[in-house]
Amino acid sequence: MTQPRTLEGKVAIVTGASRGIGEAIAFDLAARGAKVTLTYSSDRSREPAAALISRIQSEAHSSAIDVQCDLKDPTAPTQIVRATVEAFGPHIDILVNNAAIISSKFAQDITIEHFDEIFHTNVRAPLLLLQAVLPHLRRPEGRIINISSVGGRQGYPGTGAYAATKAALEGFTRNWAAELGGEGTTVNAVNPGPVKSEMLDQVDPRIVQPQFEATAVQQRAGRPEEIAEIVGFLAEPRSSWVSAQCISASGGYAQY
Ligand SMILES: NC(=O)c1ccc[n+]([C@@H]2O[C@H](COP(=O)([O-])OP(=O)(O)OC[C@H]3O[C@@H](n4cnc5c(N)ncnc54)[C@H](OP(=O)(O)O)[C@@H]3O)[C@@H](O)[C@H]2O)c1
């Protein structure tokens, strides 16, 4: 889809953009004109990230850089912001906290190590990244967008730790909106239902299948682009009156 160039001159950071939903978000923001920093942690993501940068240059006619760093490392957010400022200048307009991990573990199998790993990646990293971005956030139209999940509101066997991280991210979303809203910055979350991606493949099908069956309106998995479209709207100046919202994009799944 050809997007209007509503984000021309703006700078965005998208974490976890080497594949899946983050890749679609990074491309969509670039197609709207934003310069984008995309992040990932693994060596196997280097090639897809380089391919995405080329596609952003040739098809979206914008610029992008990549930063390889593990978001569990508390110094990673500073690295990401430093690289962004060096590449694109002192102002950052849009932060999309998208990177996350999931696991299929029942309550009795959640170790302290796993608890720390999933909370550090899915909850602590978004907070540290917000803290690193804030001194550079262009006011009054700053945009913070967290990718949460319908799983943060609904219980499924074996995804309790993940669900807890996503519920925490929703809590952060509403509180950051209250803290930053006075100056015009908006903070929102998008809560996808099941979306075709590597993450979905990692979840036990006995958990995913009931989700499809419970989907009252559209019995299919979503596409990453369907999440990116909503993030794109939330990033634009025209969404200025939308804040503190956790918006489900789930094909009508369970009315959340
Ligand atoms: N897919 C779904 O059905 C679904 C449903 C609801 C919500 N969501 C949410 O949507 C977001 C994206 O999900 P997805 O399905 O696109 O996931 P995905 O395909 O697994 O992609 C995850 C991305 O995050 C990066 N990442 C993972 N751990 C990282 C770390 N420690 N440090 C830095 N980067 C890291 C990955 O790159 P590396 O592997 O190289 O680190 C990759 O780029 C997540 O927040 C997820 O919770 C997804």
Side-chain angles (χ1 to χ4, degrees), residues 13-28 36-53 66-77 79-80 83 95-104 114 116-126 128-129 145-154 156 159 161-170 172-173 189-205 207-209 211-212 215 220-228 230-231 246-251 253-254 256:
I13 294 173
V14 184
T15 63
S18 58
R19 59 175 184 265
I21 293 171
E23 177 184 5
I25 293 170
F27 185 81
D28 183 283
V36 182
T37 296
L38 46 107
T39 88
Y40 54 90
S41 68
S42 66
D43 287 344
R44 77 182 173 101
S45 288
R46 279 189 191 167
E47 224 174 277
L52 176 58
I53 290 173
D66 62 337
V67 180
Q68 182 179 6
C69 58
D70 185 346
L71 284 166
K72 292 193 294 300
D73 174 355
T75 68
Q79 291 174 45
I80 293 167
L95 167 63
V96 184
N97 281 309
N98 168 77
I101 54 171
I102 196 167
S103 64
S104 290
H114 177 62
D116 286 348
E117 182 188 26
I118 198 163
F119 267 81
H120 287 172
T121 310
N122 296 7
V123 184
R124 190 179 72 175
L128 296 183
L129 203 41
I145 302 153
N146 295 323
I147 307 303
S148 185
S149 171
V150 292
R153 298 182 177 191
Q154 179 81 29
Y156 296 100
T159 57
Y162 175 79
T165 66
K166 293 304 188 179
L169 199 55
E170 285 203 35
F172 267 158
T173 301
V190 177
N191 296 358
V195 171
K196 281 198 175 77
S197 75
E198 218 177 282
M199 178 177 278
L200 192 58
D201 294 340
Q202 286 165 25
V203 183
D204 187 332
I207 297 166
V208 174
Q209 198 55 40
Q211 294 196 15
F212 286 126
T215 301
R220 65 175 178 87
R223 288 177 283 108
E225 292 72 22
E226 292 176 300
I227 306 303
I230 299 159
V231 174
C246 302
I247 299 166
S248 289
S250 62
Y253 162 71
Y256 290 114

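Residue numbers start at 1 and run along the sequence shown. Atoms within a ligand are numbered from 1 in the order they appear, just like the ligands themselves. These numbers come from the heavy atoms of this one structure, side chains and all, not from hydrogens, waters or symmetry mates. All of these numbers come straight from a predicted model, not from anything done at the bench.
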**Report entry** Side chain R124, main chain K72, donor-acceptor under 3.5 Å
**Finding:** yes

**Report entry** Heteroatom distance test (V150, ligand 1): nitrogen or oxygen, under 3.5 angstrom
**Finding:** no

Query - Enumerated ligand 1 atoms positioned under 4.0 Å from heavy atoms of G20 - result: 16 (O)

Query - Shortest protein heavy-atom distance from atom 26 (N) of ligand 1, along with the residue and atom involved - result: A99 CB, 4.0 Å

Requested in this report: Answer side chain, backbone, both or neither: which part of K166 comes under 4.0 Å from ligand 1, heavy atoms only.
Outcome: side chain

**Report entry** N or O pair under 3.5 Å between Q202 and ligand 1
**Finding:** no

**Report entry** Numbered atoms of ligand 1 (with element) below 4.0 Å of Y162, judged on heavy atoms
**Finding:** 6 (C), 7 (C), 8 (N), 9 (C), 46 (C), 47 (O)

Report summary line: So the atoms of ligand 1 within less than 4.0 Å of a heavy atom of L200 turn out to be 3 (O)

Query raised in the report: How many angstroms lie between atom CD1 of I80 and atom CD1 of I13, to the nearest 0.5 angstrom?
Result: 6.5 Å

Report summary line: Between I147 and the options V14, N97, V96, the side-chain contact (heavy atoms from CB on, under 4.5 Å) test singles out V96

Requested in this report: Can you figure out which of S197, S149, G193, A221 has its heavy atom closest to atom 4 (C) of ligand 1?
Outcome: G193

Report task. Answer with yes or no whether the side chains of Y162 and N122 bring together a donor and an acceptor at under 3.5 Å. Result -> no

Report task. For atom 43 (O) of ligand 1, grab the closest protein heavy atom and report residue, atom and distance to one decimal in Å. Result -> S18 OG, 2.7 Å

Query raised in the report: Which distance, rounded to the nearest 0.5 Å, do you find between the NE2 of H114 and the CD1 of I101?
Result: 6.5 Å

Query raised in the report: Got D73 and Q79 here, is their nearest side-chain heavy-atom distance under 4.5 Å?
Result: yes

Requested in this report: Out of I102, I80, V195, indicate the one that has the non-hydrogen atom closest to atom 3 (O) of ligand 1.
Outcome: V195

Query raised in the report: For ligand 1, which atoms have a heavy atom of E198 less than 4.0 angstrom away?
Result: 19 (O)

Query raised in the report: What protein heavy atom sits nearest atom 22 (C) of ligand 1, and how far away is it?
Result: R19 NH2, 3.9 Å

Query raised in the report: Does A17 offer a backbone N or O that forms a donor-acceptor pair with the side chain of E23 under 3.5 Å?
Result: no

Query raised in the report: Which distance, rounded to the nearest 0.5 Å, do you find between the CD1 of I145 and the CD1 of I227?
Result: 12.5 Å

Query raised in the report: Can you find an N/O atom of T39 closer than 3.5 Å to an N/O atom of ligand 1?
Result: no

Query - Any side-chain heavy-atom pair of S45 and R19 under 4.5 Å - result: yes

Report task. Please confirm whether L71 comes within less than 3.5 Å of ligand 1 when only nitrogen or oxygen atoms on both sides are compared. Result -> yes

**Report entry** Identity and distance of the protein heavy atom lying nearest atom 17 (O) of ligand 1
**Finding:** M199 CB, 3.5 Å

Query raised in the report: Hey, are the side chains of V150 and Q154 touching, using non-hydrogen atoms and a 4.5 Å cut-off?
Result: no

Query - Flag side-chain contact, heavy atom, 4.5 Å: S103 against E117 - result: no

Requested in this report: Classify the contact between A17 and ligand 1 as side chain, backbone, both or neither, using a heavy-atom distance cut-off of under 4.0 Å.
Outcome: backbone

Query raised in the report: With a cut-off of 4.0 Å, which atoms of ligand 1 are near a heavy atom of T121?
Result: 31 (N)

Query raised in the report: Has ligand 1 got any nitrogen or oxygen that is less than 3.5 angstrom from a nitrogen or oxygen of N98?
Result: yes

Query raised in the report: Does A100 offer a backbone N or O that forms a donor-acceptor pair with the side chain of T121 under 3.5 Å?
Result: no

Query raised in the report: Nearest to atom 7 (C) of ligand 1 by heavy atom, G151, S148, P194: which?
Result: S148

**Report entry** Contact atoms of ligand 1, heavy-atom distance to I101 under 4.0 Å
**Finding:** 28 (N)

Query raised in the report: At a 4.0 Å threshold, what atoms of ligand 1 neighbour a non-hydrogen atom of A100?
Result: 27 (C), 44 (C), 45 (O), 47 (O)

Query - For D70, the ligand 1 atoms whose distance to one of its heavy atoms is below 4.0 Å - result: 30 (C), 31 (N), 32 (N)

**Report entry** T15 side-chain N/O to N98 backbone N/O, donor-acceptor pair under 3.5 Å
**Finding:** yes

Query - Nearest-0.5 Å distance that lies between atom CG in L71 and atom OG in S41 - result: 7.5 Å

Query raised in the report: Any N or O of G16 that comes nearer than 3.5 Å to an N or O of ligand 1?
Result: yes

Query raised in the report: Heavy atoms only: which of S45, C69, A49 is nearest to atom 33 (C) of ligand 1?
Result: C69

Query raised in the report: Looking only at protein heavy atoms, which one is nearest to atom 29 (C) of ligand 1, and how far off is it?
Result: S41 OG, 3.8 Å

Query raised in the report: Which of the listed options, I118, D43, I21, holds the heavy atom that is closest to atom 16 (O) of ligand 1?
Result: I21

Query - Residue pair E170 / S148, side-chain heavy-atom distance below 4.5 Å - result: yes

